[in-house]
Enquirer: 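Structure below; questions to follow.
The shown structure was predicted, so the numbers you read here are calculated from the model rather than taken from an experiment.
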Amino acid sequence: MVKTNDHFESFAEFYPFYLGEHSNPRSRALHYVGSSLAPAISVAALIFGPLWLLFTVPVAGYLFAWIGHFFLERNKPATFKHPLWSLMGDYKMLWQALTGTLDTRHFHGHS
C-alpha cells in the first residue's frame, strides 16, 4: 500500500510513494534523461571545462523531471518536500529501469 501523507520514517517507506508519483512512462523517460544528463555534464565540465557548466547541472537534472510532473503526471515533484530522498529515488528508479527490476505494482493507471 502506498502512503499518501507526507511523513515517512525511511527511504524504504518513501520509495513506493515516489514510484506512485511516477506512473506515466513518458514522465519516467524524462526523469531518466535528466538523471543521466546531470552526471554527464558534471564529468564533462570537470574533465574538459569550462567549470561554469557545473551550474547547469541542477537545471539539466530537474528541468526534464519537472516537465514530466507538471505536464504529464499533473502532480508536484517530491523534491519540494523530500529533496534528498527524491534524488535517491531518481537514481534508484533509473538503475531499476536499466536493470529490468523496476516494480510496476506501484504505478497507478499507467504502465
Enquirer: What heavy-atom pair brings S23 and G20 nearest, and what distance separates the two atoms?
Expert: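 Taking every non-hydrogen atom into account, OG-O, 3.1 Å.
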Enquirer: Checking Y15 against Q96 for the side chain to side chain donor-acceptor pair (under 3.5 Å) test, could you report, in this order, the C-alpha distance in whole Å, the side-chain angles of both residues, the deciding distance, and whether it holds?
Expert: CA-CA 12 Å; Y15 190 61; Q96 289 180 328; 2.6 Å; yes
Enquirer: Do Y91 and L19 belong together in a cluster built from hydrophobic side chains that touch within less than 4.5 Å?
Expert: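 Same hydrophobic cluster.
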Enquirer: What distance separates N24 CG from R26 CZ, expressed to the nearest 0.5 Å?
Expert: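 That separation rounds to 5.0 Å.
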Enquirer: When you compare the side chain of H31 with that of F64, does any pair of heavy atoms fall below 4.5 Å?
Expert: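 Not touching, per the 4.5 Å side-chain cut-off.
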Enquirer: Dump the intermediate steps for side-chain contact (heavy atoms from CB on, under 4.5 Å) on H22 and H106, then the final yes or no.
Expert: CA-CA 9 Å; H22 297 85; H106 298 287; over 6 Å; no
Enquirer: Quick check: do Y18 and W85 have side-chain heavy atoms less than 4.5 Å from each other?
Expert: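 Result no, sub-4.5 Å side-chain heavy-atom pair not found.
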Enquirer: Can you tell me if N75 and E21 form a side-chain donor-acceptor pair at under 3.5 Å?
Expert: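 There is such a pair between these side chains.
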Enquirer: Heavy atoms only: give me the nearest L72-S27 pair and the separation to one decimal.
Expert: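 Heavy atoms of L72 and S27 come nearest at CD1-N, 3.6 Å.
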Enquirer: For the atom pair OG1 (T101) and CE (M93), what is the distance rounded to the nearest 0.5 Å?
Expert: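 Going from OG1 on T101 over to CE on M93, the span is 12.0 Å.
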Enquirer: Compare all side-chain heavy atoms of F70 with those of P77 and state whether any distance is below 4.5 angstrom.
Expert: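 F70 reaches P77 side chain to side chain.
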Enquirer: So, do F14 and H82 have ring centers that fall under 6.0 Å from each other?
Expert: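 Ring-ring flag for F14/H82: true, centres closer than 6.0 Å.
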Enquirer: Could you go through residues 40-60 and list every donor-acceptor pair under 3.5 Å that involves a side-chain atom there, pairing it with any protein atom two or more places apart or in another chain?
Expert:
from	atom 1	to	atom 2	distance (Å)
S42	OG	A38	O	2.9
T56	OG1	L53	O	2.6

Enquirer: Is it the case that atom CZ in F11 sees more than 12 heavy atoms from other parts of the structure closer than 6.0 Å?
Expert: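 Yes, CZ of F11 has more than 12 neighbouring heavy atoms, counting only those of other groups under 6.0 Å.
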Enquirer: Any side-chain heavy atom of L63 sitting closer than 4.5 Å to one from L30?
Expert: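 L63 does not reach L30 side chain to side chain.
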Enquirer: How long is the span from the CG atom in L94 to the OG atom in S35, to the nearest 0.5 Å?
Expert: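 Here the interatomic distance stands at 5.5 Å.
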Enquirer: Under 6.0 Å from the ring centre and within 45 degrees of the ring axis: does the NZ or CZ of R28 meet both conditions for the six-membered ring of F107?
Expert: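 Satisfied, under 6.0 Å and within 45°.
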Enquirer: Can you check whether W66 and F80 have ring centres sitting under 6.0 Å from each other?
Expert: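 Between F80 and W66, which both carry aromatic rings, the centre distance is below 6.0 Å.
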